[in-house]
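First the structure, in the form of structure tokens, and then the observations on it.
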Amino acid sequence: MPRMEDILNLPVQDPPCAEFSAAHIKWVKVEGGRQGGDDIALIPFARVDDFVKGESSNAECPASFRIESRRKRSEGSISKPRVDGYLEYTLYWCSYGPEDYRDSESVNGDGSNIKPASGKGSRPGRRHMMRGCLCHFTVKRLYTRPLLALIIYNQRKHVDKTGAPCHGILDRDALGTRAMYAPRISEDLRQKVMSMLYVGISLDSIIHHHMELVQGHGGPHNRDDFLTRNDVRNMERVVRNSSHELHADDECSVRMWVQRHQRLVFFFQDYSVSEPFILGIQTDWQLQQMVHYGHNGLVAFHSTFGLKKLKHPLSTLLVFDSSQNAIPVAWIITSSLVGQDIHKWIVPLAERIRTKDPRWRPNAFLVDDPSFDISSIRENFQCRVLLCIWHVRRAWMRSLLKNCYNVDVQREMFKHLGWALYSSRSVPNALDTVEEFMQVFVDQCAFMDYFKRRWLPYIELWVNGMLSLPMVGPEPLAAIESYHLWLKTKLFNEQNVNFWSRVDWLVHTLTTEFHSLYWLYQYSVETGYFANLRDDSFSTNAWYQALHIPDVNVILDEQNLQLAKVISQADRTLAYTIWNPGSEFSLCDCPWSRLGNLCKHVIKLAILCKNRQVARPLLAAQIYRQSLLTLLQNPPDDPVVLEHATLHATRLQQDIKDLEELSNNGLLQPLPPDINPQMAVLFQRLQ
């Protein structure tokens, strides 16, 4: 039996499961001292909450451990700390104790004024829960090892002072009562009810829905099944009285929110002279969605939303559900460019996800800004990184519609913009192609002024990004764009104009109303409940709609691939024309596309061209093919140049293989079948 002086020699235990209990830990009894005979163990301090949750899920004695007392010390406050000296000391006690009010005389008789053993005084409204449980444990964040927590389990059994079980299924007196279950509803049910309240579902509807669920699985099985009107009424009061403004000063208000919602914050860096403000938010539901849909799926970045209107821009991580809807699974608010500090918050986010599921790994990560720290993304998410041009395409298209009134010129300019962006792969100086575009359309003064001011300074950055990263196909672009429009509609309405300058308003809105709308939609789709309250605008993204357009509605002439037509499903006498079909820079004449959006007809043509392999490949694949054919037709004579060309061709071959792999996974359109044979001929000549 070791002494307390030997605790630092104990192994640090970190069970691989998301939540763990005392049963997952090997305990050691300590000899002598104040904790003589108690069970002790060392775990990472970051996993204390996981241990508390696991202990609360005891099958025989469901419980809820409350913080009975807490003390903190600052670093440097002790010159010679004890080996078990603490920076933080927290005493957790089962909520069924330590007072015992099972005997009615303890409540109504002479003993009603006796001070509880814990020294906390009476607890109004909770006496019916007190059953004398002595189960409690202490957690010390060690002074000399701040990353470790010493757990001292003073009493592991849920028993009263007589040693008999006092709640749970082992307590005969508790059978058929709430004392069989946990004393409070679970956090999952609380969040579920709160989300229902935030979207406007009435108290009566919530109770009726809950009773249906309980009856559906054969009656009460846990504390959640005993949800009462009073429980919902209390949460309704919280929703009604909640406010984003916790303090008049916005910075203080945000700090207070972070302190009150630690479990929602995966990273926080406060304002300072040398460091920017960064706040990373992810709810438990968002974490579940990221683990579920992000594994072997796509994770996309929607960055710098509200750059002109919000105090600090908002960035979102998105995953895509079975209906191709983009679901927000994390929000990052920062006072700097999000790409500059991505290495700071992506590490704790990745650790948070893999703590939930160690096997989690996405298929690809989509970035919409080539300045991002790609190496940090690859290192932490361990997946391929693809470049996504949804906002470039959208910005150029909307500016053309606004500044150019000739439809034919719009089409030609949009097509040339795509070529100017992609063909930079095959020319020594990317600006030459851009300069040629500006000379051809020099008479379009309004658009050129916008292009020179907004995009010309960043063209080389995008070109370099396209040289180093594969491109994603147009399908996910539509889902990301749909999320962008939904976010814009909910946040940028006129009634909120006075709050745009406050970060606390943005945080409050995202984590309450906005989050609840997505929760309700997913819950309704999965269960079928509240279908009448579901916002079907979530299902209006062009990717989802394109999948429901029959192939027979598409008119595609393989002899003329300059345009195609899609017959309207609502009015079969109406057909929409798509120019440059199968390309990222296709243009449609439907009303939705004429507003600057990516429409379902463009996506349908992209999917169809990919499946049939009849239209031209994506511009990115065309540039690769053109580079290879140029090298094939003009093999270099100089040995040094030949060696360089061989290395270049090897890189192109690997890139094409990567593109084919993505195409097979449905992320890119397939390459023409004649590329690989030409590659073989090329290597034969070079060798």
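- Between the side chains of S253 and D504, at least one donor N or O lies within less than 3.5 Å of an accepting N or O.
- When side chains are defined from C-beta on, V299 counts as touching M290, because their heavy atoms get closer than 4.5 Å.
- In this structure, K488 fails the cation-pi test against W486, since its NZ or CZ atom is not both closer than 6.0 Å to the six-membered ring centre and inside 45 degrees of the ring normal.
- In terms of the ring-ring contact (aromatic ring centres under 6.0 Å, His included) criterion, Y293 has no residue partners (sequence neighbours excluded).
- Pairs engaging residues 436-453 under the side chain to side chain donor-acceptor pair (under 3.5 Å) rule: Y450-W455 [sequence neighbours left out].
- Contact of the V392 side chain with the W462 side chain is registered, since non-hydrogen atoms from C-beta on lie closer than 4.5 Å.
- Checked options K565, H601, R572; the residue passing with N553 is R572 (criterion: side-chain hydrogen bond (donor to acceptor under 3.5 Å, both in side chains)).
- For K309 and F492, the positive end sits near the middle of the six-membered ring, less than 6.0 Å away and at most 45° from its axis.
- A 4.5 Å side-chain heavy-atom check between M448 and V442 finds every atom pair outside the cut-off.
- A heavy-atom distance below 4.5 Å is not found between the side chains of D250 and E245.
- Results of the ring-ring contact (aromatic ring centres under 6.0 Å, His included) test with H312 over Y271, W500, W331 single out Y271 as the only residue that passes.
- Proximity of W579 to T577: side-chain heavy atoms (C-beta onward) are separated by under 4.5 Å at one or more points.
- A donor-acceptor distance shorter than 3.5 angstrom exists from the side chain of E481 to the backbone of L598, with no hydrogens or angles considered.
- F437 places none of its side-chain heavy atoms less than 4.5 Å from the side chain of T433.
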| said: Test side chain to side chain donor-acceptor pair (under 3.5 Å) on D321 and S323; report intermediate values, then the result. | reply: CA-CA 5 Å; D321 66 8; S323 298; 4.5 Å; no
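- In summary, the side chains of Y576 and S568 do not present any donor paired with an acceptor at a separation below 3.5 Å, with no hydrogens or angles considered.
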| task | Output, in order, the C-alpha distance, side-chain angles, deciding distance and verdict of side chain to side chain donor-acceptor pair (under 3.5 Å) for Q410 and R594. | result | CA-CA 11 Å; Q410 288 175 0; R594 299 303 297 173; 2.8 Å; yes
